[in-house]
Amino acid sequence: MKDFVTQAKEFTNINSTYTLNDGNRIPCVGFGTWKIRENENGEQIILDAINSGFRHFDSAALYKSETSIGKAIKKSGVPRDQIFITTKVWKDDLCPEKARLSLENSLRDLQTDFVDLLLIHWPKASKKDNKWQNKLASTWSEFIKMRSEGIVKSIGVANFLPHHFAALQSDILPCINQIEFHPGYLQEEAYEYSVKHNILIEAWRPLGQGGLINNDKLKDIAAHHNKTAAQILLRYSLQRVVLPLPKTTHIDRMLENQKLFDFTLSEEEMAELNNLPLCAWSGEHPDTAIPWDDSERSRPQ
Ligand SMILES: NC(=O)c1ccc[n+]([C@@H]2O[C@H](COP(=O)([O-])OP(=O)(O)OC[C@H]3O[C@@H](n4cnc5c(N)ncnc54)[C@H](OP(=O)(O)O)[C@@H]3O)[C@@H](O)[C@H]2O)c1
């Protein structure tokens with residue numbers, strides 16, 4: 001199998017695929033669905049995304065976007081095997097029974113009998129959770145079981161730092177680690193660990209949730225290439241061999257976020273973006289700033 005760097009050099013569009021460490025393939029750009037909900041025109045937004053060209057959708061039990069995705073795929077007429085669906089098991093469901101139930105509910109809402117990728121959404125339920133290692137090990141072993149049953153094709157993790165991986169207690173490595181990743185918040189330790197172990201990194205919040213669009217450095221580089229700041233951010237992710245998951249509700253932006261393959265950022269531009277000071281960070285951290293941490297009463301925005 002070619003390494004990810006070599007694979008990425010051959011990409012020509014958002015549906016060019018990486019071959020993962022388990023041999024399965026994944027389109028190199030995905031469509032984010034956080035805050036896309038059924039009662040807020042979610043089905044139409046996903047249908048627009050499919051019609052605009054996206055074939056890879058990132059969802060989660062937490063997002064409440066799965067019903068919209070399921071309905072939109074049916075309405076689009078695109079065969080299921082041409083769409084890549086990710087979902088996730090939330091941090092409060094990290095035990096075999098709850099993880100299985102979570103997937104069963106996701107399959108029902110997505111109107112499908114398998115997902116392409118299932119992720120552990122967060123390694124720890126709360127700062128005070130002292131059973132997190134045991135929970136990860138038992139959940140991961142259930143993930144492996146569900147994969148052998150064919151209801152999941154690939155399995156991975158999200159928001160894992162290097163020290164979380166050992167807790168899985170398995171020779172079967174995740175094929176994906178989905179982390180917050182964008183100029184201004186690069187998580188180099190998680191990045192290096194994943195690269196070293198042939199685990200593909202996915203970028204959540206690749207546009208800094210819109211917060212990087214007006215950054216002066218981004219605007220300068222965008223003007224130089226006659227591109228938008230969003231396109232520079234997504235191209236940056238691709239050149240770092242990280243799979244971006246941009247979310248938008250607007251059709252023009254869906255199209256814009258796909259035009260990433262007719263230009264290249266120079267080494268100098270990559271270095272400038274690599275060295276951007278801390279910015280557009282969500283404020284979340286896998287161990288110390290956990291969303292919906294009951295022991296902290298924190299809430300994600
Ligand atoms: N694993 C995790 O813990 C985790 C956490 C957070 C997110 N995620 C995943 O990652 C996905 C992406 O992250 P995100 O949704 O937080 O942030 P994002 O994709 O970085 O940014 C989305 C924001 O950028 C705007 N936008 C999109 N395209 C644009 C463009 N071309 N020009 C200007 N603005 C643009 C969108 O506005 P409009 O919608 O108004 O266009 C929206 O406000 C999520 O949807 C979710 O699937 C995973």
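We're numbering straight along the sequence, starting at 1. Heavy atoms only: backbone and side chains are in, while hydrogens, waters and symmetry mates are out. In listed order, ligands and their atoms are each counted from 1.
Residues Glu10 and Lys2 are paired through a salt bridge, judged by an N-O separation under 4.0 Å between the basic side chain and the carboxylate. Comment: Arg80 engages Asp116 in a salt bridge, judged by a side-chain N to carboxylate O separation of less than 4.0 angstrom. A salt bridge links Glu149 to Arg100: one of the charged nitrogens lies within less than 4.0 Å of a carboxylate oxygen. Between Glu202 and Lys88, no side-chain nitrogen of the basic residue sits less than 4.0 Å from a carboxylate oxygen of the acidic one, so the salt-bridge criterion is not met. Using a 4.0 Å cut-off between charged side-chain N and carboxylate O, Lys135 and Asp129 make a salt bridge.
Checking Ile179, Thr248, Asp252 against atom 41 (O) of ligand 1, the nearest heavy atom belongs to Thr248. Of the options Pro286, Gly32, Gly210, the smallest heavy-atom separation from atom 24 (O) of ligand 1 is shown by Gly210.
Judged by distance alone, the side chains of Asp48 and Gln44 do bring a donor and an acceptor atom under 3.5 Å apart. If you check the side chains of Glu43 and Ser68, you find no donor sitting under 3.5 Å from an acceptor. Side chains of Asn274 and Tyr236: a donor-acceptor N/O pair is present below 3.5 angstrom, by distance only. Checking Gln239 against Arg235 by side-chain atom types alone, a donor-acceptor pair falls below 3.5 Å.
Close approach of ligand 1 to Pro246 is summarised as follows: ligand atoms under 4.0 Å from at least one heavy atom of the residue are 19 (O). Listed by number with element, the atoms of ligand 1 under 4.0 Å from a non-hydrogen atom of Glu256 are 30 (C), 31 (N), 32 (N). Every atom of ligand 1 is numbered from 1 in the order shown, and the set under 4.0 Å from a heavy atom of Gly208 is 20 (O). Listed by number with element, the atoms of ligand 1 under 4.0 angstrom from any heavy atom of Ala230 are 30 (C), 31 (N), 32 (N). Listed by atom number, the atoms of ligand 1 under 4.0 Å from His121 heavy atoms are 1 (N), 2 (C), 3 (O). Atoms of ligand 1 lying under 4.0 Å from any heavy atom of Asp58, numbered from 1 in the order shown and given with element: 9 (C), 46 (C), 47 (O).
Considering only non-hydrogen protein atoms, atom 10 (O) of ligand 1 sits nearest to Trp204 CB, 3.3 Å. Summary of contacts: the protein heavy atom closest to atom 38 (P) of ligand 1 is Arg253 NH1, 3.3 Å. The single protein non-hydrogen atom nearest to atom 40 (O) of ligand 1 is His250 CE1, 3.2 Å, given as residue, atom name and distance. In terms of protein heavy-atom proximity, atom 20 (O) of ligand 1 is closest to Leu207 N, 2.7 Å. In terms of protein heavy-atom proximity, atom 48 (C) of ligand 1 is nearest to Tyr63 OH, 2.9 Å. For atom 13 (O) of ligand 1, the closest heavy atom belonging to the protein is Arg205 N, 3.0 Å. Here the heavy atom of the protein found nearest to atom 16 (O) of ligand 1 is Gln209 NE2, 3.0 Å. Nearest non-hydrogen protein atom to atom 44 (C) of ligand 1 is Trp34 CB, 3.5 Å.
A donor-acceptor pair under 3.5 Å links the side-chain atoms of Trp281 to the main chain of Glu284, judged by distance alone.
Residue-to-ligand polar distances place Pro206 within reach of ligand 1: an N/O pair is separated by less than 3.5 Å. Ligand 1 has no N or O atom lying under 3.5 Å from any N or O atom of Ala158, backbone or side chain. At under 3.5 Å, not a single nitrogen or oxygen of Lys88, backbone or side chain, sits near a nitrogen or oxygen of ligand 1. Every N/O-N/O distance between Trp122 and ligand 1 stays at or above 3.5 Å.
Here the rule is ring pair (Phe, Tyr, Trp, His ring centres under 6.0 Å) with His56, and of Phe31, Phe84, Tyr18 only Phe84 fits it.
Residue contacts with ligand 1 include Leu245, since one of its heavy atoms falls under 4.0 Å from the ligand.
A cation-pi arrangement is found for Arg240 relative to Tyr191, the charged atom lying closer than 6.0 Å to the ring centre and inside a 45° cone about the ring normal. Taking the ring centre of Phe114 as origin, the terminal cationic atom of Lys153 falls inside the region bounded by 6.0 Å and 45° from the ring axis.
Here the side chains of Trp34 and Leu62 are in contact, with some heavy-atom distance below 4.5 Å.
Under 4.0 Å from ligand 1, not a single heavy atom of Leu119 appears. Under 4.0 angstrom from ligand 1, the non-hydrogen atoms of Lys247 come from both its backbone and its side chain. For Asn159, every heavy-atom contact with ligand 1 shorter than 4.0 Å involves the side chain, none the backbone.
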